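This report refers to the structure that appears directly beneath it.
All values reported here derive from a predicted model rather than from experimental measurement. The basis for the numbers below is simple: all heavy atoms, side chains too, and nothing from hydrogens, waters or symmetry mates.
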Amino acid sequence: MTMSDNAKGLILAVASSAFIGSSFILKKKGLKRAAAAGTRAGVGGYTYLLEPLWWVGMVTMIIGEVSNFVAYVYAPAVLVTPLGALSIIVSAFLAHVLLKERVQRMGIVGCVACIVGSVVIVLHAPQEQTPNSVEEIWTLATQPGLEILYILCPDNCHLHLLLTKWKKKKNCFKFF
């Protein structure tokens, strides 16, 4: 029984999320263990580099990123990219179990939103087609939807910067 390329990419993307999500917890446990033994990393200490658990977390992160990169070889980006959000769920679950951190209500809502969003995008992913010429790429890049995106993204960045500066100046907008 042979597996389709999309299935291989899907499995690699999910495995990647598991590796990346668990790597954050392993590195945090390593940092806590190193902080107990010496100077904390936050104040300039490098004792975490001597902590094997931190290195296990770093290697796990590298394995996850390589798995994610290879997943793009087998499956289109529209399938692989949304599955990267699953690393948030893995990390939240392991933080609750291993680090005894309490998951807040908004954290649960965020995890559910990640799962629902990933499933919806993966189920409704369009077929990927590879452009064969520069003219095709230009046609795709100048479609109305993309042109609107070109206009809105910089505007949103500017708006965010202006509101951030104004907030600091006026010390209002407590919800930012």
- Could you name each residue pair satisfying salt bridge (Lys or Arg N to Asp or Glu O under 4.0 Å) that touches residues 61-78, not counting sequence neighbours? none
- Message: Under 4.5 Å side-chain heavy-atom separation, chaining through any Ile, Leu, Val, Met, Phe, Trp or Tyr, what else clusters with V97? Say none if it is isolated.
- Response: I25, V90, F93, L94, L98, L99
- Using the side chain to side chain donor-acceptor pair (under 3.5 Å) rule, collect all pairs that involve residues 16-25, keeping only residues at least two apart or in two chains. none
- Which ILVMFWY residues can you reach from W138 by hopping between side chains whose heavy atoms are under 4.5 Å apart? none
- With sequence neighbours excluded, give me every salt bridge (Lys or Arg N to Asp or Glu O under 4.0 Å) pair touching residues 73-84. none
- Task: Sequence neighbours left out, what pairs pass ring pair (Phe, Tyr, Trp, His ring centres under 6.0 Å) with at least one residue falling in residues 49-72?
- Result: Y48-W54
- Sequence neighbours excluded, which residues qualify as side-chain contact (heavy atoms from CB on, under 4.5 Å) partners of V103? H96, I108
- Query: What side chain to side chain donor-acceptor pair (under 3.5 Å) pairs are there with at least one residue in residues 100-121, not counting sequence neighbours?
  - Reply: K28-E101, R102-Q104
- I20: hydrophobic cluster co-members (side-chain, 4.5 Å): F24, M61
- Note on the structure: Output for pair (S91 OG, L86 CG), nearest 0.5 Å, gives 12.5 Å
- If you link I, L, V, M, F, W and Y whenever their side-chain heavy atoms are under 4.5 Å apart, who else ends up in the same group as M106? none
- Query: Applying salt bridge (Lys or Arg N to Asp or Glu O under 4.0 Å), which residue pairs with at least one partner in residues 45-62 are found, sequence neighbours left out?
  - Reply: R33-E51
- Can you name the residues that form a side-chain contact (heavy atoms from CB on, under 4.5 Å) with V73, not counting sequence neighbours? none
